[in-house]
Amino acid sequence: MSLFEAKGLRGVFAPNGECNNIDDSGINETYENEETKLNNSDFAVSSSSSSKDAAPSFLQAQTSAEIRRAILKLALPALVEFGLMMLVQMIDMIQVGVLGPWAIAATGLAAQPTMLIFSVFSALVVGTTALVARAAGAGDRDYACRVTRQSFVIVLIMGAVITAVGIPASGSIIRLMGADVDTIAPGTIYMQIIMAGTIFTVGNMVLAASLRGAGDMVTPMISNMVANIVNLFGNWVLINGKLGFPRWEVAGAAVATSLSRMIAFLITLHAVYRRDKFIHISFHDSYRIEPNIIRDVLDIGIPAAVEQLIMRGGALLFARLIAGFGTIMFAAHQIAINIEGLGLVPVMAFQMATTTLVGQGLGAKKPELSEEATHQSTIISVCLMSLVGLIFFLFGKYAIEIFTRDAQVMSLGASALKILALSQPFTAVYFILAGALRGAGDTKYTMYISTIGVWGIRLVLGYLLADVLGMALIGAWIAVVADMLVRMLLVIKRFSGGQWKQAMA
């Protein structure tokens, strides 16, 4: 049996310890229609494509080692980027944490609804990445750039609307989150300032998504590295009033965050306006709305956006459940979430690489490459995330101490991380296979999986364990582990079907 002849799920782990091929059934609805679009619409590849539009080197891979090199080439810049982002987010909390548990709770209460709002833009982000990746696989630069322009225009319009609505509504949202009296005012001002920078945040999201779809992970990495440096410096001078700057405390952290996002946006915007990139747009291009392209983006992206809304809505209600146990409990929860976020960096990077490579393989009509890229990413990610779980279990308490010296918060947070450690291998498999399905366009099924996991398991079981049985934070995090286990099993079942290869044949 050759490298790419294996079909179906032979098991998450083979006897030799490797993760075996896990098929993707991810496009049975979206791609039954999508192939017609690819062959008959503006996406068709022109015979005049220049050498600059040549297919990515991944498409010439012949061995597992070559595929792993292609994965690492994409994943390592993303690993640096996401790692720095999460590290800065943690440092944000450390810097805010010196003000007291109330400050951690205030920023955390603002973060959940803010992420829920930003999740609306996932339709454009996921749809753009998938279509640009397939265009790159087919060598069609013109279509990739047109997709980028259309998504960019729409996201700026949507961003302006969100800003206009979000700023005046911030206070009401924080109150609905169940904030204690001492966190309402700082949480409101934090959210208002973050909302003011919405256009920069979402504009950077969609441009970076396009670059990643084309295989350029370096530019988003650079833009975020610079932004993170600005954010750290801004936090230092604005939270505590250093170098003559005013002491703005929580508001200072929000200003630093919004300023850093503006800088990331400007760097990414400059990159896509350069002519030496596969993705290039200019002020002289036509920005007239093209309904066919918008429809193609949204066909893939809307289920992804709904999925994000489901997940963020669930996370918001989950946070609301924890907030009901008081500021100390919520502070411990928020610290654990931030540490978990840093631990997710490896699998996020490999998920991003998998999404891009699956899209490119399908665009080039080589689904066997997409399958093997997913297989190899799964092997690497399970190994890495198992190590992360071990670190959480053995050394989590020391990580909690970085954020706070409150004895109650430290004890609760350390216990939460020990429970979370158990879910890391499940998380690895779920993230990679879900990323592959998204790259293939099967965003509807990932939406269904998230609905079942977050609402059917995390929230329901979390409420029963935390509230009804009185297990509080510990019960809530047990529900998180159960959620990830169920999602992993469901995504394996979907991915092992193999319909996507038939649809793209």
If every non-hydrogen atom of [X] is compared with every non-hydrogen atom of [Y], which pair is closest and at what distance?
{"X": "Leu211", "Y": "Ile279", "result": "CD2-CB, 4.0 Å"}
{"X": "Ala133", "Y": "Thr356", "result": "CB-O, 3.7 Å"}
{"X": "Val132", "Y": "Ala214", "result": "CG1-N, 3.6 Å"}
{"X": "Ala135", "Y": "Ala144", "result": "CB-CB, 3.9 Å"}
{"X": "Ser170", "Y": "Met191", "result": "OG-CG, 3.6 Å"}
{"X": "Leu357", "Y": "Ser370", "result": "O-OG, 3.9 Å"}

For [Y], does its backbone N or O pair with a side-chain atom of [X] as donor and acceptor, under 3.5 Å?
{"X": "Ser381", "Y": "Ala428", "answer": "no"}
{"X": "Ser258", "Y": "Ile193", "answer": "yes"}
{"X": "Asn228", "Y": "Asn224", "answer": "yes"}
{"X": "Ser223", "Y": "Pro220", "answer": "yes"}

Begin with the C-alpha distance, continue with both residues' side-chain angles, and end with the deciding distance and a verdict on side chain to side chain contact (heavy atoms under 4.5 Å, CB included) for Val347 and Leu344. CA-CA 6 Å; Val347 75; Leu344 287 174; 4.1 Å; yes
Scan residues 345-366 for pairs that pass ring pair (Phe, Tyr, Trp, His ring centres under 6.0 Å), counting only residues two or more places apart or in two chains.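 Not a single pair qualifies under ring pair (Phe, Tyr, Trp, His ring centres under 6.0 Å).
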To the nearest 0.5 angstrom, please state how far the [atom1] atom of [X] sits from the [atom2] atom of [Y].
{"X": "Leu369", "Y": "Glu371", "atom1": "CG", "atom2": "CD", "result": "10.0 Å"}
{"X": "Cys383", "Y": "Leu387", "atom1": "SG", "atom2": "CG", "result": "9.5 Å"}
{"X": "Gln150", "Y": "Ile281", "atom1": "CD", "atom2": "CD1", "result": "10.5 Å"}
{"X": "Asp216", "Y": "Ser210", "atom1": "CG", "atom2": "OG", "result": "9.5 Å"}
{"X": "Ser423", "Y": "Met385", "atom1": "OG", "atom2": "CE", "result": "8.0 Å"}
{"X": "Thr446", "Y": "Tyr430", "atom1": "OG1", "atom2": "OH", "result": "6.5 Å"}

Find out whether [X] and [Y] are in side-chain contact, i.e. whether some heavy atom of one side chain is under 4.5 Å from a heavy atom of the other.
{"X": "Ile174", "Y": "Tyr190", "answer": "no"}
{"X": "His280", "Y": "Arg141", "answer": "yes"}
{"X": "Leu79", "Y": "Leu76", "answer": "yes"}
{"X": "Gln360", "Y": "Lys366", "answer": "no"}
{"X": "Arg212", "Y": "Thr219", "answer": "no"}
{"X": "Met352", "Y": "Leu74", "answer": "no"}
{"X": "Arg261", "Y": "Asn204", "answer": "no"}
{"X": "Val155", "Y": "Val125", "answer": "no"}

Test log, rule side-chain hydrogen bond (donor to acceptor under 3.5 Å, both in side chains), inputs Glu307 and Ser450: CA-CA 6 Å; Glu307 178 189 359; Ser450 295; 2.8 Å; yes
For a salt bridge (charged side-chain N to carboxylate O under 4.0 Å, His left out) check, start with the C-alpha distance between Asp483 and Arg487, then their side-chain angles and the critical distance, and finish with the verdict. CA-CA 6 Å; Asp483 166 25; Arg487 277 196 263 173; 2.7 Å; yes
Could you walk me through whether Glu372 and Arg68 pass the salt bridge (charged side-chain N to carboxylate O under 4.0 Å, His left out) check? CA-CA 9 Å; Glu372 186 63 15; Arg68 283 194 295 270; over 6 Å; no
Let me see the working for Phe431 and Thr354 under side chain to side chain contact (heavy atoms under 4.5 Å, CB included), right down to the final yes or no. CA-CA 10 Å; Phe431 264 63; Thr354 304; over 6 Å; no
Determine the sole option in Leu207, Ile263, Val206, Ile222 for which the side-chain contact (heavy atoms from CB on, under 4.5 Å) test with Thr268 is passed. Leu207
Under the side chain to side chain contact (heavy atoms under 4.5 Å, CB included) criterion, do Ile267 and His270 qualify, and how do the steps go? CA-CA 5 Å; Ile267 293 173; His270 176 264; 5.8 Å; no
For the residue pair Phe200 and Phe265, categorise the inter-ring angle as parallel (less than 30°), tilted (30 to 60°) or perpendicular (more than 60°).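 Taking Phe265 first and then Phe200, their aromatic rings sit tilted (interplane angle of 30° to 60°).
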With side chain to side chain contact (heavy atoms under 4.5 Å, CB included) as the test, would you mind laying out the steps for Thr378 and Thr374 before giving the verdict? CA-CA 6 Å; Thr378 304; Thr374 306; 4.2 Å; yes
List, one per line, each side-chain donor-acceptor pair under 3.5 Å for residues 156-167, sequence neighbours excluded.
{"residue": "Thr163", "atom": "OG1", "partner": "Gly159", "partner atom": "O", "Å": "3.0"}
{"residue": "Thr163", "atom": "OG1", "partner": "Met195", "partner atom": "O", "Å": "3.2"}

Partners of Phe392 by ring-ring contact (aromatic ring centres under 6.0 Å, His included), sequence neighbours excluded?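 Not a single residue meets the ring-ring contact (aromatic ring centres under 6.0 Å, His included) criterion with Phe392.
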